Amino acid sequence: MTDVLDVRAVRKARRAELGAFLKSRRAKISPDDVGLPPGPRRRTPGLRREEVAQLSGIGVTWYTWLEQGRPINVSVQVLDAVARTLALDEAERGHLYRLAEVPTVPAPHANSALPEELQVILDHLEPLPAAVLSARYDVLAYNVPYQSLCPAFLTAERNVARRVFLMPQCCNTYKHSWDDLRRMVAYLRGAYAKNLDDPSWQQFIDELCSESADFAALWARNDVAVPASRVKTLRHLAVGDLEMYVTSMSLPVVAGAWVQIYTPTDETQWAKLRELLAMSREQRQAAWSDHQERHHPEAAAV
């Protein structure tokens, strides 16, 4: 019984917060901002409730109930209309959806411009390999140690998921287990749900499902997860396998992005990483080129 009361109390508090938020945003919009005449003297700044309702194409009573925190069902379309009327930015729009308890908070539009200082941070993490990944596992930025450790992830489309699932296991950078693959796909499933309105996401998932039987099988499981800090074994033919802690941190400044940092698990792994970083690019590449010629001559010839 206590749990039921707690849920009700939380929902009541959330609806009250929603009402207060809408009032505060409404107060920031003047009639002139939306092309309305000033009209008679106003008791409070900003738009009236009926004006917000009119501009949003919804009923005055319904909008009034929304601001009053009444337990009404809210549709995505109506919230979108209110958000446009109140000129909400991405953060405010997401906040509105969460307070209204809609099933899925619309994802902010992807921001492709990384802050300049981010590369500086990555560079100062040396000798630790580190990269910024998008929600779709695109490599958006990286430092020199990451380039040395994971060169395969920086070829062609620079997408970790595609390389992991489409490269032969013998020369795959991730020496992964089935559980590693499951977690990767489960994270993609959660990110995909936030980008259902993006055709490029659907194309990306469709291509992986058609090109990788493993990906298709895992995608069909409908598992959901988030990136986690865990130990992973990475394969580098120049120095052998490296066991690394993988630390994942979200990066709110870039929509959906996160930072991945690799740390050797012990002194033996540190020695391998130092050996790798001390090599020239040609030395690091030689082992991979030799492997391609020996085991994948058709690919090496392309």
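These numbers come from a predicted model, not from an experiment.
- Listed here is the closest heavy atom pair of Arg136 and Leu188: CA-CD2, 3.9 Å.
- More than 12 heavy atoms of other residues, nucleotides or ligands shown are found within 6.0 angstrom of CH2 on Trp62.
- With Glu67 as the fixed residue, the salt bridge (Lys or Arg N to Asp or Glu O under 4.0 Å) test singles out one of Arg25, Arg15, Arg26, Arg48: Arg26.
- To the nearest 0.5 Å, atom NE2 of residue His236 and atom OG of residue Ser148 are 7.0 Å apart.
- Taking CG of Leu242 as the reference point, atom CZ of Arg235 lies at 11.5 Å (rounded to 0.5 Å).
- Between the side chain of Arg189 and the backbone N or O of Trp219, at least one donor-acceptor pair lies under 3.5 Å.
- For Phe153 and Tyr174, the distance between ring centers is under 6.0 angstrom.
- Looking only at distances, a side-chain donor or acceptor of Asn159 sits under 3.5 Å from a matching main-chain atom of Ala161.
- Val82 places a side-chain heavy atom less than 4.5 Å from the side chain of Tyr63.
- The line from CD1 of Ile205 to CD of Gln202 is 7.5 Å long, rounded to the nearest 0.5 Å.
- The CG atom of Leu218 sits 8.5 Å away from atom CZ of Arg182, with the distance rounded to the nearest 0.5 Å.
- Distance alone, capped at 3.5 Å, is enough to place a donor-acceptor pair between the Trp258 side chain and the Ser134 backbone.
- Within the 4.5 Å cutoff, the side chain of Leu133 has no heavy atoms near those of the Leu140 side chain.
- Considering every non-hydrogen atom in both Val132 and Ala257, the closest pair reads CG1-CB, 4.2 Å.
- Atom-to-atom distance recorded for Phe165:CZ and Phe215:CZ is 6.0 Å, nearest 0.5 angstrom.
- In Phe21, the CZ atom is crowded: over 12 heavy atoms of neighbouring residues, nucleotides or ligands sit closer than 6.0 Å.
- Side-chain atoms of Asn143 never come within 3.5 Å of backbone atoms of Pro129 as a donor-acceptor pair (strictly under, hydrogens ignored).
- Interatomic distance, Leu149 CG to Met244 CE, rounded to the nearest 0.5 Å: 5.5 Å.
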Under 3.5 Å, sequence neighbours excluded: what are the donor-acceptor pairs made by side chains of residues 273-282?
{"unit_1": "Arg274", "atom_1": "NH1", "unit_2": "Glu267", "atom_2": "OE2", "d": "2.8"}
{"unit_1": "Ser280", "atom_1": "OG", "unit_2": "Gln283", "atom_2": "N", "d": "3.1"}
{"unit_1": "Ser280", "atom_1": "OG", "unit_2": "Gln283", "atom_2": "OE1", "d": "3.4"}

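- Within 6.0 Å of atom CD in Glu157, more than 12 heavy atoms from other residues, nucleotides or ligands are found, so the atom counts as buried in its surroundings.
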